[in-house]
Amino acid sequence: MGRWKYPLPVNQGRESKRAAGMAFILLTILIDVIGFGIIIPVLPSLVEQLTGRGPSEGAYAFGWLLASFGIMQFLFAPVLGNLSDRFGRRPILLLSLAFAGVDYVVQALAPNLLWLFIGRILAGITGASFTAASAYIADVSPPEKRAQNFGMIGATFGLGFILGPALGGVLAAYGPRVPFWAAAGLTFLNFLYGYFVLPESLSLENRREFDWRTANPFAALGILGRHRWILMLGLAASLLWIGQQAGMSTWVLYTSYRFGWDETDNGLSLALLGASMMFVQLWLIRFLGKRMKDAQMLSLAMVLNVAGLLAMGLAFQSWMLIAAMLLWTMAFIGGPTMQGMVSTQYGPDEQGAINGAMSALQNLTGVVGPILMTSIFGYFTSKAVPIKVPSMPFYVGTGLAAVSALAVRYALTHRPAPRAN
């Protein structure tokens, strides 16, 4: 009893709140990514079950499901970020978690495709809470630890993408809806944990009125046009991200059709993808960063993208596909490198705006890419074509990556000296 008699010293109490807040946010991100990853191996089979159609016809619906998630994230990320500036981080995060849990239940019980779409739309809205989570980390992180704490987000994301698909693949043995129930349970437990543990990070004096102008996701893109070479780099990134959806959006469809993989096989392969991404983010970027200039790293990433996507398309055995996928993930050194190059052209007061614009651009390609690539897969595996080419999305992705590489080369030749901040 005596240990509760006296309050903690001010600094110790502040540090305790920071630690509790950081632990909760990282756990929230981890569970959010696990929840997203846990349903990837089973979502195509659930779509086929609800539509009563084969993989070719189901691919179209699957692509639109992924796109509905992406468009909601694009539209609502700045809205939830602004709401968290007005009402605080805690209520927005808890509300998002509560609705995310309901969303998984809706998808688990979905009697038809319409209800599954409603669930994916809700998932996109609640998944946009990542903006509020990032703002929370900025609130509780001292300036000297901010970069380190943001780096933990990448590691947490990678860990979630290892655990989620692997768990989804295992649970799929009990039915395609079981992973949705597991995701719902994890999310509701996280909500309860946050309700009793999470402190508010944004003080009343630092809150501001909600502004629809700053909540407009399309307006955020305007900052890219200030520099011609960055505009070209943004175009290159858009083409590349759409091309990469060949691997992201059609993986389960392709491996099931071409190699006969089941949900467990796909779950474990996606877990391997997550582990490889984590290796790239935590070690490879740092290793190459000490030995290469940023322009050289970006150029290498473009070559690896072209080579990896082409190799996945040409693979005719499972082990070849896995090897090609691992080669392709090495190309993910390009994202952080490009982000760092762009940031040097903007002042300290514009870093949030330019990073928000790049995120908005990536979210937009997350709408276009899945629809395009799953439609290509659906068409080239349908009865409408004389020769079925299920790997066609990878070949289209290779072409887009090659054009993107040329645009990157143009941008780099017009790049001015980095801005001195």
Side-chain angles (χ1 to χ4, degrees), residues 36-37 39-74 107 110 112-121 123-124 127 161 165 168 172 176 238-263 265-267 269-270 273 305 308-310 312-313 315 321 324-325 328 362-385 387-401:
F36 177 76
I39 66 174
I40 292 178
V42 298
L43 193 56
S45 59
L46 183 58
V47 169
E48 289 185 34
Q49 184 184 97
L50 292 175
T51 60
R53 298 176 179 178
S56 299
E57 296 81 0
Y60 297 103
F62 181 66
W64 280 101
L65 276 172
L66 297 179
S68 65
F69 180 89
I71 191 64
M72 289 300 107
Q73 280 206 314
F74 171 72
Q107 293 181 82
N112 52 49
L113 200 59
L114 174 61
W115 277 100
L116 195 58
F117 267 100
I118 292 173
R120 295 312 296 159
I121 288 171
F161 207 77
S238 299
L239 292 173
L240 178 62
W241 290 332
I242 292 173
Q244 287 180 334
Q245 286 295 330
M248 298 294 188
S249 299
T250 67
W251 181 265
V252 177
L253 298 170
Y254 178 73
T255 56
S256 302
Y257 182 93
R258 181 77 185 275
F259 300 108
W261 290 7
D262 60 17
E263 290 86 353
D265 296 327
N266 277 308
S269 68
L270 289 170
L273 171 65
N305 266 300
L309 287 167
L310 180 60
M312 284 192 286
L321 183 65
M325 180 264 285
W328 176 57
Q362 190 165 19
N363 286 336
L364 267 180
T365 62
V367 177
V368 177
I371 295 175
L372 175 64
M373 294 302 174
T374 55
S375 297
I376 291 172
F377 174 84
Y379 177 75
F380 280 94
T381 56
S382 69
K383 298 177 181 178
V385 289
I387 300 177
K388 291 181 171 57
V389 189
S391 54
M392 184 57 71
F394 294 105
Y395 299 143
V396 174
T398 301
L400 289 172

inquiry  = With side chain to side chain contact (heavy atoms under 4.5 Å, CB included) as the criterion, how do Tyr257 and Lys388 come out once you've worked through the C-alpha distance, each side chain's angles and the decisive distance to 0.1 Å?
reply    = CA-CA 11 Å; Tyr257 182 93; Lys388 291 181 171 57; 3.1 Å; yes
message = side chain to side chain contact (heavy atoms under 4.5 Å, CB included), that's the test. Do Thr255 and Ser269 meet it? Break it down for me.
response = CA-CA 10 Å; Thr255 56; Ser269 68; 5.8 Å; no
key: Stepwise side chain to side chain contact (heavy atoms under 4.5 Å, CB included) check, Leu321 with Trp261   = CA-CA 12 Å; Leu321 183 65; Trp261 290 7; 4.2 Å; yes
key: Thr365 and Gln245: CA distance, side-chain angles, deciding distance, side chain to side chain contact (heavy atoms under 4.5 Å, CB included) verdict   = CA-CA 9 Å; Thr365 62; Gln245 286 295 330; 5.8 Å; no
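Counted by atom type alone, Trp64 and Thr374 present zero donor-acceptor pairs between their side chains at under 3.5 Å.
A donor-acceptor contact shorter than 3.5 Å is absent between the side chain of Ser249 and the backbone of Ala246. For the pair Asn112 (side chain) and Trp115 (backbone), a donor-acceptor distance under 3.5 Å is present. Between the Asn266 side chain and the Glu263 main chain, no donor and acceptor come within less than 3.5 Å of each other. A donor-acceptor distance shorter than 3.5 angstrom exists from the side chain of Ser68 to the backbone of Leu65, with no hydrogens or angles considered.
Side-chain contact between Leu43 and Val252: absent, with no pair of heavy atoms (C-beta onward) separated by less than 4.5 Å. Counting heavy atoms from C-beta on, the side chains of Thr381 and Val389 never come closer than 4.5 Å. Counting heavy atoms from C-beta outward, Phe161 and Ile40 have side chains that approach closer than 4.5 Å.
Minimum heavy-atom separation, Gly63 to Ile371: O-CG1, 4.0 Å.
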